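So the structure is just underneath, and the comments pick up after that.
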Protein chains: 2
Amino acid sequence: MSDADIRRIDELSTSAALRLLGTVSFGRVAFTLHALPAIRPATHVLDEGDVIIRSHSGSELNSAVGQIVAYEAGVISPEDHLGWSVSVTGKAELVSGSAAERCELLLRPWSGLRPGALIRIPPEFVSGYALRNGTP
Amino acid sequence: MSDADIRRIDELSTSAALRLLGTVSFGRVAFTLHALPAIRPATHVLDEGDVIIRSHSGSELNSAVGQIVAYEAGVISPEDHLGWSVSVTGKAELVSGSAAERCELLLRPWSGLRPGALIRIPPEFVSGYALRNGTP
């Protein structure tokens, strides 16, 4: 077994996990759709410590409003699967008021696609890990 | 608005979606953990039309056995978010017998990490879309 075969999982602190989440703009939300689990890609920004998401895929994600949902984002190499992944869990709510104006600017809808709702996920639970080369 | 700003979403047929799923080895499973929604990265192969997954992150994914779960994989550009995403939904079961031997060879555990269980997800529902440049 060469050194390159040795990998380890490092758990991330909450602050490190949220910091990493802010470095990417794309992830997946898990919610319940027609009484079944569903995963849909979404874009995100962080706003005052909360995760704000917007769907790319029409209005299905509106079903998530009012639910406890999980949102995961990360950077993981398709070749060696090294990288990091962060998940947050919280109750999804529609974004309104001044936060909506702020987030509209940060999460602009794509031309030619009907924009979905802006949805806030307060990160009540945060977990994350990094998968790296090297011995534990 | 330039042509590059025009994007469209194309829904994929079930056969096209499963074919694309077979071209990648990595995705995310959504399941219930401690009565809350959870998303965890996993590697996958297709075996006789079913999705077989193995977790990278220890034993939490074992909680998914017996549940209806969703599994999503895709290739989406972090820059322009063009690409494709496929989701399958089905009841997660432990893989056993000759299928386990086949899949052990295809989904080998990583050196230095304790391997998780092999879990089969028969794709009872399949959905997928491609996000491309161009007019609908």
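As the structure is a computational prediction, the values presented were derived from the model and not from experiment.
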Considering only heavy atoms, which portion of A:Phe31 lies under 4.5 Å from any heavy atom of chain B: side chain, backbone, both, or neither? neither
Give, for atom CD1 of B:Ile119 and atom CG of B:Leu107, the distance between the pair rounded to the nearest 0.5 Å. 11.0 Å
Student check: side-chain heavy atoms of A:Leu46 and A:Leu21 closer than 4.5 Å: yes
B:Glu48 side chain reached by B:Arg102 side chain, heavy atoms, under 4.5 Å: yes
Quick check on the interface: out of B:Thr32, B:Ile76, B:Val75, B:Val69, who has the most heavy-atom pairs with chain A under 4.5 Å? B:Ile76
Given that the side chain runs from C-beta out, which part of A:Ser25 has a heavy atom under 4.5 Å from chain B: side chain, backbone, both or neither? both
Under 4.5 Å to a heavy atom of chain B? For A:Val29 that would be backbone
Among B:Ser85, B:Ser127, B:Ser87, find the one that has a side chain to side chain donor-acceptor pair (under 3.5 Å) with B:Glu72. B:Ser85
With a 4.5 angstrom heavy-atom cut-off, is it the side chain or the backbone of A:Leu36 that approaches chain B, or both, or neither? side chain
same_hphob_cluster(A:Ile39, B:Val86) at 4.5 Å side-chain heavy-atom cutoff: no
